[in-house]
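Both counts, for ligands and for their atoms, begin at 1 and track the order of listing. Excluded from the calculations below are hydrogen atoms, water molecules and symmetry mates; all remaining heavy atoms, backbone and side chain alike, are included. Here, residue 1 is the first one in the sequence, and each next residue gets the next number.
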Amino acid sequence: MSLNTLKQADGIWLNANLMTFNNELPYGTVENAVIATEKGRISLIEPMTVGLEQQLDELNISYTDLQGKWLSPGLIDCHTHIVYGGNRAKEFEMRLTGVSYEEIARQGGGILSTVKATRAASESELTASAIKRIERLLSEGVTTIEIKSGYGLDLETEIKMLKVARALEEQIPATIKTTFLGAHAVPPEYKENPDDYISYLCDEVLPQVVEHNLADAVDAFCENIGFSKEQVEKVFAAAENADLPIKLHAEQLSDQEGTQLAASYKALSVDHLEYVSEEGIAAIASSGTVAVLLPAAFYYLHEKQVPPIEWLREYKVPMALATDCNPGSAPCTSLLLMLNMGCTLFRMTPEETLRAVTINAAKALGLQKELGTLAVGKRADFAIWDIKAPCELPYAFGHNPCVGVVKNGEPVLDKLI
Ligand code: DI6
Ligand code: FE
């Protein structure tokens, strides 16, 4: 045990069971461990030694005794649309009288009704409503959140959304990654000329987003109710020009072969994938792209076709899970519920679901060097769980055993008694 490291530590947790995702054991388990942090990073992970508490007491070094509780990397929600105006409860009601999600979108509802509400909302209104939703994620051990624009669909509102998303990092203890999703839907102004909208995005909106450093990635919705592969390719070319990595909403409702296109741009992730073909999976296997699965949208839209988990396993594509928190297809603020749905709806294993919200979710955001595992040198983001085994996290639903959250080495949620 390196007592010198412990003497310099800012925080020490003893008698912890760790899910590190950083060794060959299931969950990267390190049982009965000490974890310490210094200057916001993990400075030590070692097995407990006999008499350590006493040694620390004698040296007057304070620590938290976790008494066998489990500690995981801070969870990462790598796909959300959590900044938006209004809600779509009325459309939920419509869908239950038999009108489909696609039909509602064609009638000018759906994404466009949220566009109206988001354009009308002030920055402070958007911030306040997003914070309420984010607080629910944080209470479940989430320490990193990706947030997309895409409910503005004009220069002013896309910028407003991204500014609000960026500024959230100063108000909440989470890392925020922002994604420009101008190509989410065709706005009413361009209803007859979607190609002109794509040119507007590439020539006028994206340059402003880049100039003000408002986005960490660029995304698009490749779908028959969204944009064609050819239109998406123009957005990708502009993103590449601006040196921004790409992501894609791909094959959610039909196979548009957007996955292959995204792979050819070495996308960070392709998201949804219910209708992806084996060729699509083979393509992302060689491009190192993460498959982000979104069971809340699948569940909420009453989809029947599940993403091809078997192929993803066979081709060794890393799988991530996220809430897709949005007002239309996934008004969901529980990443723990996604673990459960990953198992029950998609038949993922409990370990796959936990890797999907830690190490693989970090990869989907290009953050794997900093986040997603417990290892010396990584950022000290972690969650503490009152459980006896990791599989308890996906096992129960509607239940939150998170008793502590540490962000950059600082306790930000503490229910430990
Ligand atoms: N796919 C989704 O699941 C969200 N966007 C997208 O392209 C849904 C957005 C919405 O319905 O508001
Ligand atoms: Fe989405």
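When distances to the Fe ion (ligand 2) are checked against a cut-off of 2.8 Å, His79 contributes an N, O or S atom below that limit. Among the atoms of Asp324, an N, O or S atom falls under 2.8 Å from the Fe ion (ligand 2).
A donor-acceptor pair under 3.5 Å is absent between the side-chain atoms of Gln260 and the main chain of Glu279, judged by distance alone. Distance alone, capped at 3.5 Å, places no donor-acceptor pair between the Arg136 side chain and the Ser334 backbone.
Looking only at atom types and distance, the side chain of Glu158 has no donor-acceptor partner in the side chain of Tyr151 under 3.5 Å away.
Between Phe227 and Phe221, a ring centre-to-centre spacing not shorter than 6.0 Å is recorded.
Sorted by chain and number, the heavy-atom contacts of ligand 1 below 4.0 Å come from His81, Arg88, Tyr101, Ile111, Tyr151, His184, Phe221, His249, Gln252, His272, Asp324, Asn326, Gly328, Ser329.
We find that Arg313 and Glu352 are joined by a salt bridge, their nearest charged nitrogen and carboxylate oxygen being less than 4.0 Å apart. Here Arg95 does not pair with Glu93 in a salt bridge; the nearest charged N to carboxylate O distance is not below 4.0 Å. A salt bridge links Arg355 to Glu351: at least one charged side-chain nitrogen sits closer than 4.0 Å to a carboxylate oxygen.
Between the NE2 atom of His81 and the NE2 atom of His249, the angle centred on the Fe ion (ligand 2) amounts to 100° when rounded to 10°.
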